[in-house]
*Asks:* 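Have a look at this one.
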Amino acid sequence: MHRPDTERPNARNILTSTLDPLPREECGVFAVTGIPNAAELAFLGLYSLQHRGQESAGICAVNGEGVARVRKGIGLVADVFTAEDLNELEGTTAVGHVRYSTTGGSRPQNAQPIVVRYAQGDLAISHNGNLTNAQELRNRLVEEGALFQTTSDSEVIVHLIARSRHDTVEAQIDDALTHLEGAFSLAISVGETVYAAVDSRGFRPLVLGRRGSGYVVTSETCALDIIDAEYVRDVEPGEVLKLEGSEVTKLRSLPPAPQPAPCVFELVYFARPDSRIWGASVDRSRRAFGRQLAREHPAEADCVFAVPDSANSAALGYAEESGIPYELGLLRNHYVGRTFIQPSQADRDFGARMKYNPVREVVEGRRVVVVDDSLVRGTTSTSLVKFLRQAGAREVHFRIASPPVRFPCFYGIDMPSREELVGSSHSVEEIAELIGVETMGYLSLEGMLESVKDFGPFCDACFSGNYTAPLVDVQRGLASLENPPGC
Ligand code: AMP
C-alpha cells in the first residue's frame with residue numbers, strides 16, 4: 001500500500017514510538033493572575049484538585065518583571081511544597097498542575113507546568129487531556145531538530161508555540177493550537193499574562209473564576225471555592241481567553257468541531273461531587289445515574305450502600321429511588337491512595353484490603369445492594385465481595401452506576417488496555433460469576449446519557465468505542481488501539 005511520505009515509518013519515528021511511548025495522563029490545572037500571593041492560591045487550588053492526579057505537582061509563579069520561578073516534584077501537593085517554597089514563588093501570576101500518568105510516563109521530568117524561556121519571555125504551560133496526534137507532531141518536530149526533555153505530549157505544544165513564525169504571543173499560541181488533535185484544556189502564562197484554551201470538542205472541563213480584581217482558571221469549581229473565588233463561566237469548547245490583570249479578552253476561536261464532546265466519565269467518576277462542570281452539578285448527575293440504575297436494575301434487599309467515596313452520590317440516588325434504606329456498609333481508609341494506581345496486580349488486590357472494610361453490624365445476615373460508580377478491571381469489586389461475605393452478607397447485589405467500560409480512553413482518562421477491561425471481554429453474567437455476586441446490573445448507555453441530557457452531548461468513547469476526535473497516531477501506526485501509549 002502506498003503511504004505518503006509523512007506516514008512512512010523511518011528509523012527515527014520507530015525509535016521514538018517504540019522506545020519512548022507517550023504516556024496518557026490524568027491532570028488538574030490551575031492558574032491565577034492579578035492577585036497577590038498567587039502561588040499560595042495555586043497551592044490551595046491544587047490541594048482541592050488532588051483527586052485529578054497524585055503523582056506529581058508543580059507551581060510556576062511569575063514576578064513583576066515577568067520572571068518565572070518553578071517548584072515541582074513527585075508526590076502529593078502537601079508534600080511537594082514547603083511554606084518556604086511558596087514564599088519564594090513571588091508574584092501575582094501563577095500556573096499550577098497535578099498529574100498522574102500510566103507506567104512509562106512516571107518520570108520526574110514529566111511533572112508540570114513545563115517552564116521555558118522563549119523569544120517572547122518566560123512561558124509556563126499546564127495541560128489536562130491527551131493529544132491524539134502527539135507522536136506524529138513530535139516526530140516531525142524531532143526531524144526539524146527540536147530537542148525534547150520530557151516524554152509528555154504537552155511539550156509538543158511548547159515547541160509549536162516557540163517555532164511559530166507569527167510575531168505576537170497570541171498569534172503563536174493560536175497557530176500552535178490549530179495543529180493539535182484530541183483533548184486539551186490549557187493554562188499558559190507568558191510573562192504575567194495567562195492564556196486559557198480548550199480544544200474544539202471541550203473534552204476536559206476548564207472554568208473561569210474571579211477573585212477581587214484578578215482571575216482564575218481551573219479544571220473544577222471546587223478549586224474556586226477553596227480560595228473564595230466566584231465562578232464566572234466555563235471556558236467554552238474551542239475558546240482561547242487572554243487574562244491580563246483584571247481584563248479578560250476572548251481571542252479568536254478554534255475551528256468548531258461537528259459537536260462538543262465533554263467527557264461523561266468526568267461526571268461518572270473523575271470530578272469531585274462538590275464541583276459544577278459544564279453547567280452540571282457532579283453530585284446531582286451521579287444521583288440521577290443512581291436513580292436510573294434503580295429503575296433499570298431493582299433489587300430485593302435490606303440495605304444499599306456505596307463503594308466510598310466515588311459512588312456515594314450514586315448510591316444515595318439508588319436508595320432514594322428504590323426506597324431501600326441507605327447505610328454506611330463499607331468504610332474507607334482515607335490515608336491510602338487510590339487502589340487503581342498501584343503498579344501490579346498483586347499490589348492492587350492488597351490495596352483494596354488496605355482501603356476498604358465492611359461494617360459487620362450493617363451487613364451480617366442481610367441482603368445488600370453495593371453501588372460502585374464504574375467497573376474497570378474488576379479487581380476492587382472481587383475483593384470487596386469477598387470481604388462482605390466474610391462479614392456475613394447473605395446476598396450481594398452489585399450495581400454499577402455507568403455502563404461497562406469496554407474501550408481505552410485516548411483523551412485523558414487513565415484506562416488500561418482493552419484486554420484488561422473486564423467489560424470488554426466478559427458478559428454481565430460472566431462478570432457476576434467472576435466477582436461472585438447473586439445479581440449484577442450496569443446502568444445502560446441510554447439511561448446514563450438521558451440522565452444528563454441537558455448538559456450534553458457527551459463523549460462516551462470508553463463505553464461505546466465511538467471516538468469523536470480522530471486517533472491520528474493510531475491511524476498512522478504510531479500508537480495502538482488495543483494497547484494505547486503508556487500501557
Ligand atoms: P477496578 O477494580 O479495576 O474495576 O476499578 C474500579 C474502581 O476504580 C471503581 O471503584 C472506580 O471508582 C475506580 N476507577 C474507575 N476509573 C478509574 C481511573 N481512571 N483511575 C482510578 N480509579 C478509577
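Just follow the structure's listing: the first ligand is 1, and inside any ligand the first atom is 1. Hydrogens, waters and symmetry mates play no part in the numbers below; they use all other heavy atoms, side chains included. Bear in mind that the values here come from a model prediction, so they are computed numbers and not experimental data.
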*Asks:* Which atoms of ligand 1 sit under 4.0 Å from any heavy atom of Asp414?
*Replies:*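 Close to Asp414: 18 (C), 19 (N).
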*Asks:* Evaluate Val376 for polar contact with ligand 1, using N/O atom pairs at a separation under 3.5 Å.
*Replies:*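 Yes; the residue has a nitrogen or oxygen that sits under 3.5 Å from a nitrogen or oxygen of the ligand.
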*Asks:* Show which atoms of ligand 1 fall inside a sub-4.0 Å distance from at least one heavy-atom site of Arg377.
*Replies:* 1 (P), 3 (O), 4 (O)
*Asks:* Regarding Glu220 and Arg52, does a basic nitrogen lie under 4.0 Å from an acidic carboxylate oxygen?
*Replies:*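 A salt bridge links Glu220 with Arg52.
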*Asks:* Hey, which atoms in ligand 1 end up nearer than 4.0 Å to a heavy atom of Leu375?
*Replies:* 4 (O)
*Asks:* Is it the side chain (CB and beyond), the backbone, both or neither of Asp372 that lies under 4.0 Å from ligand 1, heavy atoms counted?
*Replies:* side chain
*Asks:* Where does Ser310 meet ligand 1, judged by heavy-atom distances below 4.0 Å: at the side chain, the backbone, both, or neither?
*Replies:* side chain
*Asks:* Using the six-membered ring of Tyr318, assess whether NZ or CZ of Arg399 lies under 6.0 Å from its centre and within 45 degrees of the ring axis.
*Replies:*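 Pair Arg399/Tyr318 does not count as cation-pi.
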*Asks:* Which heavy atom of Ile59 sits nearest a heavy atom of Leu46, and at what distance?
*Replies:* CG1-CD1, 3.7 Å
*Asks:* Does Phe270 come within less than 4.0 Å of ligand 1, judged by its heavy atoms?
*Replies:*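 Flag not set, Phe270 not near ligand 1.
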*Asks:* Looking at Arg389 and Glu438, is there a salt bridge between them, counting it only when a charged N and a carboxylate O are closer than 4.0 Å?
*Replies:* yes
*Asks:* Which atoms from ligand 1 have a heavy atom of Glu26 less than 4.0 Å away?
*Replies:* 18 (C), 19 (N), 20 (N)
*Asks:* Angle class for the Trp278/Phe458 ring planes (parallel below 30°, perpendicular above 60°, tilted otherwise)?
*Replies:* perpendicular
*Asks:* Centre-to-centre under 6.0 Å for Phe410 and Tyr467, is that the case here?
*Replies:* yes
*Asks:* Using a 4.5 Å cut-off on heavy atoms from C-beta on, say whether the side chain of Glu296 contacts that of Tyr442.
*Replies:* no
*Asks:* Does any N or O atom in Asp373 lie less than 3.5 angstrom from one in ligand 1, N or O only?
*Replies:* yes
*Asks:* I need the atoms of ligand 1 closer than 4.0 Å to a non-hydrogen atom of Ile413, numbered in the order shown.
*Replies:* 19 (N)
